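Below: the structure, in structure tokens.
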Amino acid sequence: MKLNEIVELDKKYYMNTFGNRTPVCFDHGKGINLWDSDGKKYYDFLAGIAVSALGHSHPKLVNAIKEQAEKLIHCSNLYYIENQAKLAKILVDNSCADKVFFANSGAEANEGAIKLARIFFKKKGMPEKFEIITLEKSFHGRTLATIAATGQDKYQKPYSPLTPSFLKVPINDLEALEKAINGSTCAVMIEPIQGESGVNLTTIEYMHGVRKLCDEKGILLIFDEVQCGLGRTGKLFAYEHFGIEPDIFTLAKALGGGFPIGALCAKEHVASAFEPGDHGSTFGGNPLACAAGLAVMEVMINDKLVKNSEEMGSYFLDKLSGFTEKYDFVKEIRGKGLMIGIQLTIDKAAEIKNKCFDKGYLIGSVGNNILRLLPPLIVTKEDIDGLVNVLDNIFREY
Ligand SMILES: *Cc1c(COP(=O)(O)O)cnc(C)c1O
């Protein structure tokens with residue numbers, strides 16, 4: 001089909017939640033590259049919003065999905081599932097978690113985390129603890145509970161009344177957090193690095209303070225690592241940057257390399273609050289999803305993609321940092337590993353993103369003045385040089 005025919009079909013039959021999308025339809029991909037239906041080649045510095053960590057069509061991922069699909073796509077969690085048990089083991093072996101539960105998305109993994117935090121206190125005989133404190137500008141998903149957890153008006157307004165019992169405090173403000181914690185609080189939920197709101201970093205001192213406060217007050221610490229987890233920031237898990245551990249953390253985006261799967265991970269003393277019948281899922285952790293997850297984890301570990309993320313991230317940040325001196329409208333370059341934000345002082349983020357697109361580079365924009373870069377973890381120096389050069393040429397026009 002021609003692009004204009006696809007757009008027409010979409011406008012007629014698809015709910016208009018995404019508005020005018022970038023006018024392109026990708027046909028196939030390989031590594032960091034994508035090709036559209038006209039054969040034009042692109043460099044993907046967004047990776048489907050931190051999803052395609054291995055790049056596109058990684059042969060190990062493709063084969064794992066193919067082979068599993070031929071054997072068994074789905075059974076049910078009424079039966080034991082080998083890939084599910086194996087993927088849970090890999091996640092436990094490589095993280096601070098003792099137990100895992102698989103969901104189908106980030107929001108759903110976060111729903112599980114919220115439920116687990118609540119039931120943990122119910123089973124302890126403290127049903128009065130059900131409130132969760134989250135951060136302003138956070139993003140935790142699109143379900144009713146997770147938009148209530150999300151600290152951004154635009155996602156919440158249309159759906160009031162919101163699911164109750166979520167409190168918001170500003171990022172990196174320990175005093176505000178301490179004040180907000182009360183007898184109803186069961187958990188604090190934080191993205192170690194905020195993604196959707198434009199790559200906002202928490203400080204080491206803050207995170208240490210948060211862990212200490214949670215311990216003192218006897219409440220749980222939940223990290224939403226749906227975006228920043230799995231090598232994105234140059235560590236397998238973002239919490240490793242801070243030298244602290246959460247009681248619960250969630251994963252999704254990169255876990256299936258594009259195949260939908262999310263994970264709720266927790267320490268044993270918390271995880272054991274879930275007993276038979278307390279939580280469940282039809283699709284969650286099915287043989288095919290877990291085959292994808294296993295392939296992603298194996299490639300990530302065997303090909304040392306976390307190390308590449310760290311090294312390419314430093315290289316990238318170093319290259320971009322020159323822009324803050326060269327262009328007075330480039331206010332700040334921030335990020336960790338391959339999760340990078342460019343803060344502009346001019347409201348041209350969308351325009352710059354579109355100019356990059358025209359030159360065959362996919363990047364993200366947040367609001368009016370933040371650019372967001374989330375390349376696959378296999379990105380090379382040559383790829384990065386290419387985008388830096390393109391950005392330099394575009395910035396020169398302003
Ligand atoms: C994307 C994202 C989610 C939601 O994940 P979905 O798979 O879209 O439900 C939740 N939390 C964070 C931090 C995210 O970046």
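One is the number of the first residue; the rest follow in order along the sequence. Just so it is clear, the model here is predicted, and its values are computed rather than measured. First listed ligand is number 1; within each ligand, the first listed atom is number 1.
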(request) With heavy atoms of Glu191 as the reference, note each atom of ligand 1 found under 4.0 Å away. (result) 13 (C)
(request) Taking only heavy atoms of Asn110 into account, list the atoms of ligand 1 that are under 4.0 Å away from them. (result) 10 (C), 11 (N)
(request) Report, in ascending order of atom number, the atoms of ligand 1 lying under 4.0 Å from any heavy atom of His140. (result) 10 (C), 11 (N)
(message) Regarding Lys267 and Glu245, does a basic nitrogen lie under 4.0 Å from an acidic carboxylate oxygen?
(response) yes
(request) May I ask you to list the atoms of ligand 1 that are less than 4.0 angstrom from any heavy atom of Gln227? (result) 15 (O)
(request) State whether Tyr14 and Arg21 meet the cation-pi test: NZ (Lys) or CZ (Arg) under 6.0 Å from the six-membered ring centroid, and within 45° of the perpendicular axis. (result) yes
(request) For the pair Glu191 (side chain) and Gly195 (backbone), establish whether a donor and an acceptor sit closer than 3.5 Å, ignoring hydrogens and angles. (result) yes
(request) Quick one: look up the protein heavy atom nearest atom 11 (N) of ligand 1 and list residue, atom name and how far away it is. (result) Asp224 OD2, 2.7 Å
(request) Distance to 0.1 Å, residue and atom name: give those for the protein heavy atom nearest to atom 15 (O) of ligand 1. (result) Lys253 NZ, 2.6 Å
(message) Checking a contact table here: which protein heavy atom is nearest atom 6 (P) of ligand 1, and how many Å away?
(response) Gly106 N, 3.5 Å
(message) Can you tell me if Lys66 has over 12 outside heavy atoms packed within less than 6.0 Å of its NZ?
(response) no
(message) Quick test of your reading of the model: are Glu111 and Lys115 salt-bridged, counting only N-O distances below 4.0 Å?
(response) no
(message) For ligand 1 and Phe139, I'd like to know whether there is a polar contact (N/O to N/O, distance under 3.5 Å).
(response) yes
(message) For atom 9 (O) of ligand 1, what's the nearest protein heavy-atom neighbour? Residue, atom name and distance, please.
(response) Ala107 N, 2.8 Å
(request) Using a strict 4.0 Å cut-off to heavy atoms of Ser105, name the atoms of ligand 1 that fall inside it. (result) 7 (O), 9 (O)
(message) Using a 6.0 Å distance limit plus a 45 degree cone around the ring axis, check whether Lys40 lies over the aromatic ring of Phe357.
(response) yes
(request) Decide, yes or no, whether a salt bridge links Lys123 with Asp278 under the criterion of side-chain N to carboxylate O below 4.0 Å. (result) yes
